[in-house]
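Below is one structure, written out as structure tokens; the observations come after it.
Here is how names work: the chains are called A, B, and so on, in the same order as the sequence lines, proteins then strands, and each is numbered from 1.
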Amino acid sequence: MKQILQSLLDTAVNDMIKDAGLSNDLPEYTIETPNNPEHGDFATNVAMKSAGIFRKKPIDIANDIVSRLKHPMIMSAGAVMPGFINFSIDSGFYHDLVKKAATDDSLFKSSIGEGRKVMVEFVSANPTGPLHIGHGRNAAYGDSLAKIMTAAGYDVHTEYYVNDAGNQMNNLGKSIYARYMELSGKEFAFPEDGYHGQYIIDIAQELFNEHGEDLAQMPDAQGTDVCFKKGLHDIKENIADTLKNFNVDIELYFSENSLYENGDVPSSLEYLKERGFVFEKDGALWFRSTEFGDDKDRVVKRSNGDYTYFASDIAYHKNKFDRGFMTVIDVWGADHHGYVKRLSSAIDAIGYEDREFQVSLIQMVNLVNAGERVSMSTRAGSFIELDELIKEVGNDAARYFYTMRDYEAQFDFDIALAKKREYDNPVFYIQYAHARVQSVLRKAKEDNIEYELCSGLEKLKSKEELEIIKKIYDYINVLEQSARNRQPHRIGYYLQELASMFHSYYFNNKMLNGDDKDLTSARVTLAVAVGNTIRNGLALLGVGAPDRM
RNA sequence: GCGCUCAUAGCUCAGCUGGAUAGAGCAACGGACUUCUAAUCCGUAGGUCGAAGGUUCGAAUCCUCCUGAGCGCGCCA
């Protein structure tokens, strides 16, 4: 419908430009669905946007445009001050929409992505311990974004970057080894930056059960290595399990260490060196990020010979582009924002000009428990695990809560509240709307009430019914906005509104009317259309749509 | 000190890249179950969009300057 209007308007305005003897391009304008029903089904600001071209009052232009529009879909069109044009649409077109929404999923998919290859890299938490509540937001966001962009026609691939190289891995090995030695009654200094969580002790205990005191007999370096390998393996597995339980799809766990093993790190630095962006100073290797507006140049290889984390990140992102991704989206915690300029500089230096790099900085989750603030540090071991949260509040509620708010705003996750609110929660409200639809279908079957899907639709003519259909049609708009702006939270708000409209409609109107087959058919079709919309929307958020509750 | 993000109803937050009378949920108050699930619905109340300027037909939205909160500024990751 919108496309039809747009092409009608484009033609009308183009004709007017020609008639006026001008050669301007069309102005950018919007066609939207007004919140105020008195403003019709659609409204456009094209006349106001054209005021500069024609040097006339917007209202006069609007009237001129209206006089040029003719189409069976348009029941009426009118120009109002200060220059909006409002349209009312013939209800037959709405009935076609319900039919579509009730029978297939084509209304819930968009093609604005045009098959563009996109990588979303997210979570990427260091494999030094289980995921905690802070990671949950990143995981929920990234997964929903990927699902949304897929529905919007992008070719999306998801990845988790595993930082299985560098100092922290040494610390992990030593931490486990120290705990192991404790169990063996021996001493090994616990590393200063070691990890204190219970899971470290658990891993050590497993090693002890498995090997007895064998590891204590080895040289420390060798024992530490065994501990490290076991620790990394177990922690990675734990993280992958948690994400799977959280309904998060990661297509590939990409190992940082693999970039060292195959030589990508030095070779990508060499590549930048050839292009003149890497130089030597004070015995270290530097990347000239000031060239791209960064505050200072950054070290990529330390004077002691170690590569920095930044170096492997350069290699990783070059690798992403080399694999043909046109858009690369990184989902990071907001505390890493100081790192954005550095990496985007390096990507500029790599020089794939047709590519796009974006970072979504997920704001902090402040953990609150009954008013008391809980700090979350992996090292101190005082964090609440994501697993625990999922167990407490359920996967659906957790996923929904995390993506309920704009990722750019920080929010307090009050655990006590989340536990308590189980039945007082927007996600259940939405799911209940879906379950109600299924319940109607079950009831019809039980009572042998006859109806025919997609027939009798001319009965759908009340204001309430047409509003719901318009809302269903608005889904595609929300999906596209959500994908474009990388804002999954819009979906949740939309679903809440749709569910609310349906609950109200359901309460005031009987879906099943045994004596009136046409009316029953029409209303059941509308209900099914709503149910399908909700199921599709919830799926984007990683939330299930149960048939009964 | 420099940089990033945020500030909207009592609370938690939306507000569709500048549109028409700023919206929801929770909390508060008043109503609706002989019903396809009351996990629902209907109504009432609640606002100087942090403050001040600017840009234009039009600003919660864009610009400048303040105020306040969070985070970041390493040859760590």
Side-chain angles (χ1 to χ4, degrees), chain A residues 30 32-36 38-39 43-45 48-49 51-52 57-59 80-84 86 126 128 163 165-169 171 193 256 281-286 295-296 298-304 306-310 312-313 333-341 361 363-364 366 404-412 414 417 421-426 428-429 431-433 435-437 439-444 446-447 449 474 477-478 480-482 484-485 487 489-490 492-494 496-497 499-500 502-513 520 523-524 527 548-549:
Chain A
T30 56
E32 50 187 48
T33 52
N35 348 346
N36 187 337
E38 281 172 28
H39 297 140
T44 181
N45 59 1
M48 289 180 285
K49 293 289 183 190
K57 282 186 202 152
I59 183 74
V80 293
M81 288 301 281
F84 288 102
N86 297 330
N126 292 338
T128 53
N163 299 127
N167 270 331
Q168 55 179 357
M169 290 296 103
N171 281 331
D193 297 324
E256 178 187 8
K281 194 180 98 185
D282 303 333
L285 221 49
W286 299 70
D295 301 336
K296 46 181 144 179
R298 308 291 178 172
V299 172
V300 287
K301 189 178 186 180
R302 290 185 268 164
S303 49
N304 70 2
D306 288 348
Y307 291 101
T308 60
Y309 175 82
F310 182 39
S312 54
D313 229 2
D335 52 338
H336 287 76
H337 69 75
Y339 196 74
V340 174
K341 188 72 201 168
L361 292 171
Q363 285 295 327
M364 301 284 109
N366 295 314
M404 212 163 56
R405 296 157 167 87
D406 192 342
Y407 71 92
E408 281 183 317
Q410 44 191 22
F411 82 101
D412 292 343
D414 191 321
L417 197 66
R421 287 174 110 189
E422 194 168 337
Y423 290 109
D424 191 17
N425 191 308
F428 290 102
Y429 180 87
Q431 289 178 317
Y432 183 44
R436 271 191 149 163
V437 174
S439 160
V440 168
L441 298 180
R442 278 195 301 273
K443 183 70 179 172
E446 260 173 46
D447 295 358
I449 296 174
D474 199 34
N477 182 38
V478 174
E480 288 173 0
Q481 291 297 336
S482 194
R484 248 198 285 271
N485 299 319
Q487 294 178 321
H489 73 277
R490 291 171 189 266
Y493 276 92
Y494 166 85
Q496 242 175 108
E497 286 162 10
S500 166
F502 180 71
H503 280 312
S504 176
Y505 177 65
Y506 176 92
F507 194 88
N508 294 314
N509 300 276
K510 241 174 140 22
M511 303 292 109
L512 302 176
N513 305 272
T520 300
R523 288 185 174 167
V524 168
R548 58 176 87 226
M549 295 174 70

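- For A24(B), the paired base is U12(B) (Watson-Crick or G-U wobble, both distances below 3.5 Å).
- Nucleotide U64(B) is matched to A52(B) when pairs are restricted to Watson-Crick or G-U wobble geometry with both distances under 3.5 angstrom.
- When each of C75(B), A39(B), C36(B) is scored by its nearest atom to the side-chain atoms of Val440(A), the top-ranked nucleotide is C36(B).
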Open item on the list: Between His39(A) and Phe84(A), is the side chain to side chain contact (heavy atoms under 4.5 Å, CB included) condition met? List the steps.
Closed with: CA-CA 9 Å; His39(A) 297 140; Phe84(A) 288 102; over 6 Å; no
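- Under the rule for a ring-ring contact (aromatic ring centres under 6.0 Å, His included), the partners of Tyr307(A) that lie at least two apart in sequence or sit in another chain are Tyr260(A).
- A gap of 30 Å separates the C1' atoms of U67(B) and G25(B), to the nearest Å.
- Below the 3.5 angstrom threshold, one finds no donor paired with an acceptor across the side chain of Asp335(A) and the base of G72(B).
- For C26(B) and C41(B), the P atoms lie 9 Å apart once the distance is rounded to whole Å.
- Arg405(A) places its CZ atom 13 Å from the P atom of G15(B), with the value rounded to the nearest Å.
- Across A77(B) and U12(B), the matching P atoms stand 38 Å from one another, rounded to whole Å.
- At the phosphate of U40(B), neither OP1 nor OP2 sits under 4.0 Å from any side-chain N or O atom of Ser504(A).
- Judged by atom type and distance alone, Thr308(A) does not reach the base of C75(B) through any side-chain donor-acceptor pair under 3.5 Å.
- Atom-to-atom, CG of Asn485(A) to P of A14(B) comes out at 14 Å; the value is rounded to the nearest Å.
- Taking atom OH of Tyr494(A) as the reference point, atom C1' of G15(B) lies 17 Å away to the nearest angstrom.
- Applying the 3.5 Å distance criterion, the base of C16(B) shares a donor-acceptor pair with the side chain of Asn477(A).
- When the C1' atom is used for both C33(B) and A38(B), the distance is 6 Å, rounded to whole Å.
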TODO: Between protein and nucleotides 1-9 of chain B, map the contacts as a letter string: B base, S sugar-phosphate only, - none, heavy atoms under 4.0 Å, written 5' to 3'.
DONE: --BBSS---
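- In this structure Thr30(A) satisfies the side chain to side chain donor-acceptor pair (under 3.5 Å) test together with Asn45(A), sequence neighbours excluded.
- The partner of U40(B) is A32(B), by the rule that a Watson-Crick or G-U pair needs both atom distances under 3.5 Å.
- Going from the P atom of G70(B) to that of A52(B) covers 24 Å, rounded to whole Å.
- Nucleotide G15(B) holds its P atom 13 Å from the CD atom of Gln496(A), rounded to whole Å.
- Within the 4.0 Å cut-off from OP1 or OP2 of C76(B), at least one side-chain nitrogen or oxygen of Arg302(A) is found.
- A distance cut-off of 5.5 Å between ring centres, combined with a plane angle under 30°, leaves His489(A) outside any stacking arrangement with the base of A14(B).
- Residue contacts for Ala43(A): at a heavy-atom cut-off of 4.0 Å it reaches a base atom on one of the strands shown.
- When heavy atoms are screened at a 4.0 angstrom cut-off, His39(A) is found touching base atoms of the nucleic acid.
- Contacts of Val80(A) with the nucleic acid, taken as non-hydrogen atoms under 4.0 Å apart, include base atoms.
- Remark: the backbone N or O of Asn163(A) is paired with a side-chain donor or acceptor of Gln168(A) at under 3.5 angstrom.
- G23(B) and G47(B) have their P atoms separated by 14 Å, given to the nearest Å.
- Pair check for G18(B) finds none; no Watson-Crick or G-U wobble contact set falls under 3.5 Å.
- In this structure, Tyr506(A) reaches the bases: a heavy-atom distance under 4.0 Å links it to at least one base atom across the strands shown.
- Distance, Tyr429(A) OH to U12(B) C1': 18 Å, rounded to whole Å.
- Minimum interatomic distance between Arg523(A) and Lys510(A) (heavy atoms only, all atoms of both residues): NH1-O, 2.9 Å.
- A stacked arrangement is assigned to His336(A) and the six-membered base ring of A77(B), with a centre-to-centre distance below 5.5 Å and an interplanar angle below 30°.
- The interatomic distance linking Trp286(A) (CH2) with G74(B) (P) rounds to 11 Å, in whole Å.
- Residue-to-nucleotide contacts include a donor-acceptor pair under 3.5 Å from the side chain of Asn86(A) to the base of A20(B).
- Using a 4.0 Å heavy-atom criterion, one finds that Tyr339(A) contacts the bases of the nucleic acid, with or without backbone contacts as well.
- Nearest to the side-chain atoms of Phe507(A) among the listed nucleotides G19(B), A39(B), A38(B) stands A38(B).
- Asp313(A) comes within 4.0 angstrom of no nucleic acid atom, judged by non-hydrogen atoms across all strands.
- For the residue pair Ser312(A)/Glu256(A), the side-chain donor-acceptor check at 3.5 Å is satisfied.
- Closest to the His503(A) side chain, of the nucleotides C36(B), C76(B), C41(B), is C41(B).
- Across all non-hydrogen atoms, the minimal contact from Ala284(A) to Ser303(A) is CB-N, 3.9 Å.
- Taking side-chain N and O atoms only, Lys296(A) has a distance below 4.0 Å to OP1 or OP2 of G74(B).
- If you take CG of Asn45(A) and C1' of G19(B), they are 7 Å apart, rounded to a whole angstrom.
- At whole-Å resolution of the value, CG in Leu512(A) and P in C36(B) are 9 Å apart.
- Residue Lys49(A) has its side chain nearest to G19(B) when only G25(B), G19(B), C16(B) are considered.
- Note on Arg548(A): a base of the nucleic acid sits closer than 4.0 angstrom, heavy atoms only.
- Ring orientation note: the planes of Tyr339(A) and Tyr309(A) are tilted relative to one another, at an angle of 30° to 60°.
- Between Tyr493(A) and His489(A), the ring-plane angle classifies as perpendicular under the 30° and 60° cut-offs.
- Shown here, G3(B) forms a base pair with C71(B); the pair counts as Watson-Crick or G-U wobble because both key distances fall under 3.5 Å.
- For the C1' atoms, the distance linking G1(B) with G15(B) amounts to 36 Å, nearest Å.
- Rounded to whole Å, the C1' atom of A9(B) lies 13 Å from the corresponding atom of A28(B).
- No donor-acceptor pair closer than 3.5 Å links the side chain of Asp306(A) to the backbone N or O of Arg302(A).
- With hydrogens and angles disregarded, a donor-acceptor distance shorter than 3.5 Å links the side chain of Thr520(A) to the backbone of Asn513(A).
- Among the heavy atoms of the strands lying under 4.0 Å from Pro82(A) is at least one base atom, whether or not backbone atoms are also near.
- If you check every strand for non-hydrogen atoms under 4.0 Å, Asp282(A) touches a base.
- Not one N or O on the side chain of Asp447(A) forms a donor-acceptor pair closer than 3.5 Å with the backbone of Ile449(A).
- Each of Glu497(A) and Tyr493(A) lies near RNA chain B, and the nucleotide nearest Tyr493(A) is the one positioned closer to the 5' end.
- Aromatic stacking is not marked for Phe84(A) over G19(B), as the cut-offs of 5.5 Å for the centres and 30° for the planes do not both hold.
- Across all strands, Ala51(A) comes closer than 4.0 Å to no nucleic acid atom at all (heavy-atom distances).
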